[in-house]
Chemist: 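Before I ask anything, let me first share the structure, which is written out below as structure tokens.
We name chains A, B, ... by the order of the sequence lines, and we start the count at 1 in each one. Reckoned from all heavy atoms, side chains included, excluding hydrogens, waters and symmetry mates. In this text the structure is predicted, and so the values were computed from the model without any measurement.
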Number of protein chains: 2
Amino acid sequence: MPTLTKTDGVALYVQVRETLREQIKSGLFAPGQKLPSEDELSSQFGVSRMTVRQGISDLTDEGVLYRRRGIGTFVTQFHVERDHNKLTGFSDTAKAEGFEGKVQLLSREVVPAKLMVAKALALHETEPVIRIQTLRWANDVPVTVYDEYVPYKLCHELLQEDLRSRAAWEILETYGYTIKRAVQKIEARLADTDLATLLNLEENAPILYKHRIILAEDGAPVELILCYNRGDGYSVKMTLVR
Amino acid sequence: MPTLTKTDGVALYVQVRETLREQIKSGLFAPGQKLPSEDELSSQFGVSRMTVRQGISDLTDEGVLYRRRGIGTFVTQFHVERDHNKLTGFSDTAKAEGFEGKVQLLSREVVPAKLMVAKALALHETEPVIRIQTLRWANDVPVTVYDEYVPYKLCHELLQEDLRSRAAWEILETYGYTIKRAVQKIEARLADTDLATLLNLEENAPILYKHRIILAEDGAPVELILCYNRGDGYSVKMTLVR
DNA sequence: GCACTATATTTGTCTAGTCAAAATAAGTCT
DNA sequence: AGACTTATTTTGACTAGACAAATATAGTGC
């Protein structure tokens, strides 16, 4: 059994969770297989049962394990990719999916908020917002047009920052804002002339449109992103829970 | 303070959670406001602090509350609708969204699994699957074409069941299968002639295409749904977590 | 063989504490 | 006034137990 350390600052339940995840990934616990009971694990790891439970709970939430009262804890059969519904940056996604990502800045300006933007960002109309338009490339193919809006009062430094590797909300994180979640709405649309030109498509080609609001820890909206993805070859993945 | 009952079979932490949710909804705790400390709540509710914490943790996972160590627990500012990423049936959705839903059965037959279907359902090619095609209406407008596949060996009774109110996976639940999650892929496409006719659209109108695999508790796929939504007026909502 | 019963196993819930870490507020010294 | 220290509050992590509920298993009686 692997030994846990009590002094390196990593919580014991996190060490338990990651140890189990590693053992599952390595095949020590195969899909469908029953794990040792919580009592057994707690004595093997040398921690209390509640600590083991916290680690296991994280993995059941992720869908790696499932529990059945009176029977035991099991590894789920088919490990579909599980990290959907995660808010990740473009460069991280590029790295994970294995393509070369490039961001081309189209424009950056301070403009008064349109009604739609003001509504999404809980501002008054005509309040100044920073608007950033970018074109994103994957392996030298233009895939997405980004139209981002951030309240000017939130972070005027955004006008100087380098935008080629990070989205605006990732920069906001470095200024002390804690980004916790985002809500987005997905629709199917058709490319207008401008979009078609930028994305190198024919007019009326299918476009996956995303309306995304980035929320800080306290639930306050910090950014609005309107996102136009070319329809061919692009898809959004998500998991639904009963 | 509301009294919790120890005998009605509802876990105390669930009662704490729902009491807090009700108090927040009623405005007793306003957005941005600080909740009483966990110690205080535990003495007010008459339960241990760990029990209070479990209730609060559920609400932070939902995004209703957020905690800051050393400071306190707070109500999030803007209550965006939170029940995204939930797997719900068509009639439940209709009820929640407030439209009249109707399901029209187009065809139901047993066919050998195509490669794509076999792959999604972890079957061998040509294994028999039940294919169900339906057209779904909202307020007498055709909005979605459903193309569902269920392994024949899983539940042949599906050939007799009434499909007008429930999706196949909802019927599987009544046969003892525990549905826990689904993974789906969303794309933007164009309507072909058949789809355009069914959905009363012009050809090449935008279509939101969903490829959804329903998974049982143990992670085994029990159903594949190919879903074609008309693009105008239809959108998928989801939340992303950092 | 079949229905029922007792027993052991395992997860779910809960308690009553402890200590640590982070943030705030008050007080103290220079 | 400003920097530093100290005490207080609050959440985070953890322990070592307890009992309940669900399931499986073995045994018993007919």
Chemist: Nearest whole Å is fine: how far is C/dT13 P from A/Ile56 CD1?
Modeler: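 Rounded to whole Å, this separation is 14 Å.
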Chemist: Start with the C-alpha gap between A/Val75 and A/Tyr66, add the side-chain angles, then the distance that decides, and say whether side chain to side chain contact (heavy atoms under 4.5 Å, CB included) holds.
Modeler: CA-CA 7 Å; A/Val75 182; A/Tyr66 67 99; over 6 Å; no
Chemist: How would you label the contact of B/Arg49 with the nucleic acid (heavy atoms, under 4.0 Å): base, sugar-phosphate, or nothing?
Modeler: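 Touches a base.
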Chemist: Specify the separation, in whole Å, of atom CD of B/Gln54 and atom P of C/dC14.
Modeler: 7 Å
Chemist: What does A/Arg53 touch in the nucleic acid at a heavy-atom separation under 4.0 angstrom: a base, only the sugar-phosphate, or nothing?
Modeler: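 Answer is base: heavy atoms of A/Arg53 come under 4.0 Å of a base.
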Chemist: Looking at the side chain of B/Ala11, which of D/dT15, C/dC14, D/dG12 is the nearest nucleotide?
Modeler: C/dC14
Chemist: Could you pick out which residue, B/Lys34 or A/Gly46, lies toward the 5' side of DNA chain D when each is mapped onto its nearest nucleotide?
Modeler: B/Lys34
Chemist: Nearest to the side chain of B/Met50, which nucleotide is it out of C/dT13, C/dT15, D/dG12?
Modeler: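 Selected nucleotide (nearest to the side chain): C/dT15.
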Chemist: Go through A/Trp169 and A/Val150 one step at a time and tell me if the side chain to side chain contact (heavy atoms under 4.5 Å, CB included) criterion holds.
Modeler: CA-CA 9 Å; A/Trp169 61 264; A/Val150 178; over 6 Å; no
Chemist: Before you tell me yes or no, could you show the steps for A/Ser57 and A/Thr60 under side chain to side chain donor-acceptor pair (under 3.5 Å), namely the whole-Å CA-CA distance, both residues' side-chain angles and the distance that decides it to 0.1 Å?
Modeler: CA-CA 5 Å; A/Ser57 290; A/Thr60 60; 4.9 Å; no
Chemist: Return the value, rounded to whole Å, for the distance between atom OH of A/Tyr13 and atom C1' of D/dT15.
Modeler: 16 Å
Chemist: Would you say A/Arg68 places a side-chain N or O within less than 4.0 Å of OP1 or OP2 belonging to D/dA22?
Modeler: no
Chemist: Tell me: CD of A/Glu40 to P of C/dT11, nearest whole Å?
Modeler: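 Result: 10 Å.
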Chemist: In whole Å, I'd like the distance from the CZ atom of A/Arg69 to the P atom of D/dA22.
Modeler: 6 Å
Chemist: OP1 or OP2 of D/dG17 versus the side-chain N and O atoms of A/Ser48: is any pair under 4.0 Å?
Modeler: no
Chemist: Rounding to a whole Å, what distance do you find between B/Arg17:CZ and C/dG12:P?
Modeler: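 Between P of C/dG12 and CZ of B/Arg17: 15 Å.
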Chemist: Does a salt bridge link A/Glu38 with A/Arg53, judged by any charged N lying under 4.0 Å from a carboxylate O?
Modeler: yes
Chemist: Would you indicate, yes or no, if D/dT10 has its OP1 or OP2 atom less than 4.0 angstrom from a side-chain nitrogen or oxygen of B/Thr73?
Modeler: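 So the side chain of B/Thr73 is outside the cut-off, no N or O lying under 4.0 Å from OP1 or OP2 of D/dT10.
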Chemist: Could you walk me through whether B/Thr88 and B/Thr93 pass the side chain to side chain donor-acceptor pair (under 3.5 Å) check?
Modeler: CA-CA 7 Å; B/Thr88 50; B/Thr93 308; 3.3 Å; yes
Chemist: Specify the separation, in whole Å, of atom CG of B/Leu59 and atom C1' of D/dT11.
Modeler: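 Checked: the CG to C1' distance equals 16 Å.
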Chemist: How many whole angstroms separate atom CD of B/Glu38 from atom C1' of C/dT18?
Modeler: 15 Å
Chemist: Ignoring the backbone of B/Ile71, work out which of C/dC14, C/dT11, C/dA23 is nearest its side chain.
Modeler: C/dA23
